[in-house]
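Have a look at the structure below, then the notes.
Atom set for the values below is all heavy atoms of this structure, side chains included, hydrogens, waters and symmetry mates excluded. These numbers come from a predicted model, not from an experiment. Order of the sequence lines sets the chain letters (A, B, ...), proteins ahead of strands, with each chain counted from 1.
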Protein chains: 2
Amino acid sequence: MSLPHAILALLENENASGYDLARHFAHSAGHIWSATHQQIYLELGKLHQAGWVSYEIVSQDGKPDKKVYGITKNGTGELIRWLQRPSSQKRVREPLLIKVLGSHLIDSDDLIQELKRQREDNEISLAHFLNIEAEFKRKPVPLSLEQRSIYLALRRGILDRKAWLEWANEAEQLLEEDVQTAALNEPD
Amino acid sequence: MSLPHAILALLENENASGYDLARHFAHSAGHIWSATHQQIYLELGKLHQAGWVSYEIVSQDGKPDKKVYGITKNGTGELIRWLQRPSSQKRVREPLLIKVLGSHLIDSDDLIQELKRQREDNEISLAHFLNIEAEFKRKPVPLSLEQRSIYLALRRGILDRKAWLEWANEAEQLLEEDVQTAALNEPD
DNA sequence: GAACACATGTAACACGTTACATGATTGC
DNA sequence: GCAATCATGTAACGTGTTACATGTGTTC
């Protein structure tokens, strides 16, 4: 429902290939929307048919050609219309929390390992966001409206990651207490 | 992919009707998974066919009959198998952040209004979670494993909502500054 | 008498994921 | 030689949303 508009919003900021967009959705824009390359190429096709984006083929050396997409006037119009409509609520899909809900059914270590894996991802992502934030701090204030938009979305990513890590600390502590208790009660 | 297991995890904790589950996904479990009643009734049908849940029809007075579902032994087995597999990453779908990314294209007031609407939702949800947390604080420690599972998932909801509200404060401030600047430059 | 909470479902369609498919270049 | 990065796509299948459908009891 919103993926096409997520793509338009990214292109409005900067021209990009499908491959670039896929990387954005996996990294810098990962807290906004997630999408696979298959979906992105499909949507770019539809957006092109609708006349909301256009592209030019750019040759590179040492790398394959790429289609660099840009938003059209009609595309910006459509994006603005969409932005003015009330947005739907976010949809939450957190498999990890299903695991947490059922954690009493499995070995605590399983969940602790899972938490550590996801902790790494969150730390990498947070570090990445903090780097971008540091660049913003070097820019003169007040920011342009475009820059402010990007900054606000970035701040959401930072606060989100920090909150997740804070929770993970609590969770790991509680789960490890339990492992220790079990070890005390059943020493081998 | 995980909705059936989210349902199994909820039923493992407490028997419920499709209607009850829909409410859970809309309220107490809203930070774990979101699902509509249509999807839930459909999945309950599939889970029943697979033999992972069973139900009994309960008559009530003043209210229509309901089917109260419970997890079966096979269902618990399947849930445990799923819990032990590495979980996939969460999928993010936040239409509001697309709006933020494109906020320079629209009137700041539009976005501020949107933020205020979602702020209310978050505050209600946070208050609800804090109430449940207060009940936990009245329980004797250490918590049973089942209770600890629920508590951990709850804490995630609380930290998530708080982080969102913190961000909304920042965002509203930045956006309102801009409205004031505009008013100074173009007084009527 | 209107709106809301309770309660359960089907059907059509849109969206998203997984698997498949290809091919060049660079670093180990 | 193997894996990784760059680059773009199609096909089959599964998931999720929107619209439709129905009916009772309670509160304003």
Please give, in whole Å, the distance from dT8(D) C1' to Asp20(A) CG?
12 Å
Exceeds 12 heavy-atom contacts within 6.0 angstrom, atom NE2 of His31(B):
yes
Go through the steps to decide whether Ser108(B) and Arg148(A) satisfy the test side chain to side chain contact (heavy atoms under 4.5 Å, CB included), and finish with yes or no.
CA-CA 12 Å; Ser108(B) 285; Arg148(A) 190 199 56 188; 3.8 Å; yes
Please check the phosphate of dC6(D) (OP1 and OP2 only) for any side-chain N or O of Tyr19(A) closer than 4.0 Å.
yes
Walk along nucleotides 13-22 of chain C from 5' to 3' and tag each nucleotide B, S or - by protein heavy-atom contact under 4.0 Å, base first, then sugar-phosphate.
--SSBBB---
Can you tell whether the side chains of Lys139(B) and Glu146(B) come within less than 4.0 Å, N to carboxylate O?
no
Side chains of His104(A) and Gln147(B): any donor to acceptor distance under 3.5 Å?
no
Please report the distance, rounded to the nearest Å, between CG in Leu21(B) and C1' in dA7(C).
13 Å
Under 3.5 Å, is there a donor-acceptor pair linking the side chains of Ser17(B) and Asp20(B)?
yes
Between dA7(D) (P) and Ile40(A) (CD1): distance, integer Å
14 Å
Closer than 4.0 Å, any side-chain N/O of Arg23(B) to the OP1 or OP2 of dC6(C)?
yes
Flag the pair Leu97(B) / Leu101(B) as yes when at least one side-chain heavy-atom distance between them is below 4.5 Å, and no otherwise.
no
Within a 6.0 Å radius of atom CD on Gln60(A), are there more than 12 heavy atoms belonging to other residues, nucleotides or ligands?
yes
When rounded to the nearest 0.5 angstrom, what is the spacing between CG in Leu96(A) and NZ in Lys90(B)?
9.5 Å
In whole angstrom, what separates Gln49(A)'s CD from dG9(D)'s P?
13 Å
What residues from residues 52-65 of chain B pass a heavy-atom cutoff of under 4.0 Å to DNA chain D?
Gly62(B), Pro64(B)
His27(A) NE2 - dC6(D) C1' separation (whole Å)
13 Å
